[in-house]
2 protein chains.
Amino acid sequence: MRLSAKGEYGVRAMVYLALNYRSGPIPLSKIALGENISQQFLEQIFAALRREGLIYSARGIKGGYTLAYPPEKICVGDIIRALEGPITPVNCLSEGKEEADRCTRADICLTRNVWERLRDHINYLLDNISLQDMIEGKFDEFIVNK
Amino acid sequence: MRLSAKGEYGVRAMVYLALNYRSGPIPLSKIALGENISQQFLEQIFAALRREGLIYSARGIKGGYTLAYPPEKICVGDIIRALEGPITPVNCLSEGKEEADRCTRADICLTRNVWERLRDHINYLLDNISLQDMIEGKFDEFIVNK
DNA sequence: TTAATCCTGAGTAATTTACTCGGCATTTAT
DNA sequence: ATAAATGCCGAGTAAATTACTCAGGATTAA
Ligand code: FES
Ligand code: FES
């Protein structure tokens, strides 16, 4: 149940961009330095974020990256899914989406419901924390009730 | 954010044991067959579960494994932690437990709170679903409120 | 023209995962 | 006493994934 470095770094970098929203494009070198992340590795991460439309890039001198949306419109879930694919605790949930290649045990499997619930919980939580929330440090309290 | 095969198989196997609670020791071969898991791999998993005190073993003919506690006393979180260690989305949370080797960025890190919250959510959820709940198929509904 | 930037694809070392293999130890049934 | 069914243990390994690096080209502003 761990995030990859890609996901972890990606979120940190996006927060960095959020802090500098409307300051023009931020070059990767600055982010890498500020967040203590390998610049070449960050390049890969930003390539993915760009492919997913979460950031814009500007080339050339005075170029860099900017958020594609205001910080309150981008959530942690978006970032992680862009970098790691669907957030799910077990494979047979995400794969079985098409009913065709559904896990053969799905009907008898007593654990499936648990993983589905866990998956939904995690996604819900991460989809309700925006970059803006993180910057302000005081996002809404989520309470889990029975 | 995926479970390892060890965790996934472990939970399945424990449910199997729960279904056969009070039927005497169940041999590994039977579980491996029933759940379609490599017996030798299951051996490793059960070794860990035993080390953590979640199951008892009985050797010799007519031997096998039994739950160390009734199914309503063992929860999914226990099993996964026994097999995969602490449930946490990022390392710098679990490592930093001792305050000594705490992540150096902890004080300035804007993402830390998110991971802490996520960690607590996951643990809470998994600690409130017991093997008995899984067998009965209708565990309590958890609702996440803002 | 130059320098700073992004962009791309390939390569790689280390780690982790998901196992397998071989053999010994214990217990019950005969 | 012996045999058979089990658990127990430590090592080994192939494949996959992770976390990067490397080399060089493309774009743009000064
Ligand atoms: S094993 Fe696929 S649904 Fe449980
Ligand atoms: S990087 Fe360690 S607390 Fe955020």
**Prompt:** First and last nucleotide of DNA chain D in contact with chain A, 5' to 3', at under 4.0 Å to a heavy atom: what are they?
**Reply:** dA19(D) to dA29(D)
**Prompt:** What do you reckon, are the aromatic ring centroids of Y65(B) and Y56(B) less than 6.0 Å apart?
**Reply:** no
Under 3.5 Å, which N/O atoms of the protein pair with N/O atoms of nucleotides 10-18 of chain C?
from    : atom 1 : to    : atom 2 : distance (Å)
dA18(C) : OP2    : A5(B) : N      : 3.0

**Prompt:** Is a side-chain N or O of N20(A) found less than 3.5 angstrom from the main chain of Y16(A), in a donor-acceptor match?
**Reply:** yes
**Prompt:** After noting the C-alpha distance and the side-chain angles of L118(A) and I122(B), does the key distance pass the side chain to side chain contact (heavy atoms under 4.5 Å, CB included) rule?
**Reply:** CA-CA 7 Å; L118(A) 178 56; I122(B) 295 174; 4.0 Å; yes
**Item:** Residue pairs involving residues 33-45 of chain A (criterion salt bridge (Lys or Arg N to Asp or Glu O under 4.0 Å); sequence neighbours excluded)
**Value:** R12(A)-E35(A), E35(A)-R105(B)
**Item:** Where protein sits on nucleotides 22-30 of chain C, one letter per nucleotide: B base, S sugar-phosphate only, - none, heavy atoms under 4.0 Å
**Value:** ---BBBB--
**Item:** Strand-adjacent residues in residues 16-38 of chain B, judged by heavy atoms under 4.0 Å from DNA chain D
**Value:** I26(B), P27(B), L28(B)
Donor-acceptor pairs are to be reported for all side-chain atoms of residues 70-85 of chain B against protein atoms at under 3.5 Å, with residues two or more places apart or in another chain.
from   : atom 1 : to      : atom 2 : distance (Å)
D78(B) : OD1    : R81(B)  : NH2    : 3.3
D78(B) : OD2    : C75(B)  : N      : 3.1
R81(B) : NH1    : N123(B) : OD1    : 2.8
R81(B) : NH1    : D127(B) : OD1    : 3.3
R81(B) : NH2    : D127(B) : OD1    : 2.7
E84(B) : OE2    : S4(B)   : N      : 2.9
E84(B) : OE2    : S4(B)   : OG     : 2.6

**Message:** Is the phosphate of dT5(C) approached by S57(A) (side-chain N or O, under 4.0 Å from OP1 or OP2)?
**Reply:** no
**Message:** Counting the atoms with a prime plus P, OP1 and OP2 as sugar-phosphate, which does Y65(A) contact under 4.0 Å by heavy atoms, base, sugar-phosphate, or nothing?
**Reply:** sugar-phosphate
**Prompt:** Taking the inter-plane angle between the rings of F41(B) and Y9(B) on a 0 to 90° scale, is it parallel (under 30°), tilted (30 to 60°) or perpendicular (over 60°)?
**Reply:** perpendicular
**Message:** Need to verify one output field. Residue with the more 5' nearest nucleotide on DNA chain C, A47(A) or G63(A)?
**Reply:** G63(A)
**Prompt:** Between CD of Q39(A) and CG of L33(A), what distance do you get to the nearest 0.5 Å?
**Reply:** 9.0 Å
**Asked** For the atom pair CG (L17(A)) and NZ (K30(A)), what is the distance rounded to the nearest 0.5 Å?
**Response** 10.5 Å
**Request:** Rounded off to whole Å, could you give me the CZ-to-C1' distance for the R50(A) and dT8(C) pair?
**Result:** 11 Å
**Asked** Could you state the interatomic distance from NE2 (H121(B)) to CG (L126(A)), rounded to the nearest 0.5 Å?
**Response** 10.0 Å
**Item:** Side chain to side chain, Q40(A) and Q44(A), heavy atoms closer than 4.5 Å
**Value:** no
**Message:** side chain to side chain contact (heavy atoms under 4.5 Å, CB included) for L131(B) and Y21(B)? Distances and angles first, verdict last.
**Reply:** CA-CA 11 Å; L131(B) 291 173; Y21(B) 192 58; over 6 Å; no
**Asked** Going from CG on L54(B) to CG on L49(B), what distance comes out if it is rounded to the nearest 0.5 angstrom?
**Response** 6.0 Å
**Prompt:** Given side chains that start at C-beta, do those of M14(A) and I55(A) come closer than 4.5 Å, heavy atoms only?
**Reply:** yes
